[in-house]
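In this chain, numbering begins with 1 at the start of the sequence shown. The figures here come from the full heavy-atom set of this structure, side chains too, leaving out hydrogens, waters and symmetry mates.
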Amino acid sequence: MFSTTTPRLEIVRRVPGTLWEPAAAGAVHHVGYWSDDVAADAAELERHGFVREATRRGADGAPFAFLRSPASGYRVELVSRVARQSLERFWGMSA
């Protein structure tokens, strides 16, 4: 489920034993950022100690990456700016 206004909120069901498990009970699962270069931004986060948990391509071929800080469990989702237009259309339809 997605919010229809900004800031965007996404409600994700917990799936034990997967990426969709929160770092701590009641914790925010992740924050998302638009990226002009997902691979380079992910590599930069890895240089700062983040661990890449998953990468994928959206329906439009745009890359996504999930990274986690081992120290805090804090997760970052990098979303290609190329996907923005199609995601905004999707969010508009989910209202």
Sequence neighbours excluded, which residues qualify as side chain to side chain donor-acceptor pair (under 3.5 Å) partners of [X]?
| X | answer |
| --- | --- |
| Arg13 | none |
| Thr55 | none |
| Ser80 | none |

If you take all heavy atoms of [X] and [Y], which pair is closest and at what distance?
| X | Y | answer |
| --- | --- | --- |
| Ala40 | Arg47 | O-NH2, 4.5 Å |
| Ala42 | Arg52 | CB-NH2, 3.5 Å |
| Arg57 | Pro63 | NH1-CD, 3.5 Å |
| Pro70 | Gly49 | CD-O, 3.1 Å |

Practice prompt. Sorted by first residue and then second, give each salt bridge (Lys or Arg N to Asp or Glu O under 4.0 Å) pair with at least one member in residues 27-39; sequence neighbours left out.
Written response: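 For residues 27-39, and leaving out neighbouring residues, the salt bridge (Lys or Arg N to Asp or Glu O under 4.0 Å) pairs sorted by first residue read Asp36-Arg81.
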Practice prompt. Can you tell me which residue pairs pass the salt bridge (Lys or Arg N to Asp or Glu O under 4.0 Å) test with a partner in residues 61-70, sequence neighbours excluded?
Written response: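 Every salt bridge (Lys or Arg N to Asp or Glu O under 4.0 Å) pair that includes a residue of residues 61-70, provided the two are not neighbours, is Glu53-Arg68.
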Worksheet item: Side chains of His30 and Phe66: does their closest heavy-atom pair fall under 4.5 Å?
Response: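 Touching, per the 4.5 Å side-chain cut-off.
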Fill in: Test item: Glu77 and Phe64 side chains (from C-beta on) under 4.5 Å apart, heavy atoms
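The answer is yes, as the side chains (C-beta and beyond) meet within the 4.5 Å cut-off.
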Worksheet item: Using a side-chain heavy atom cutoff under 4.5 Å and only I, L, V, M, F, W and Y, what cluster partners does Leu67 have?
Response: Val31, Tyr33, Val38, Leu45, Phe50, Tyr74, Val76, Leu78
Item to complete: First locate atom CZ of Arg56, then atom CG of Leu19, and finally report the distance between them rounded to the nearest 0.5 Å.
Response: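 The CG atom of Leu19 is 10.0 Å from CZ of Arg56, to the nearest 0.5 Å.
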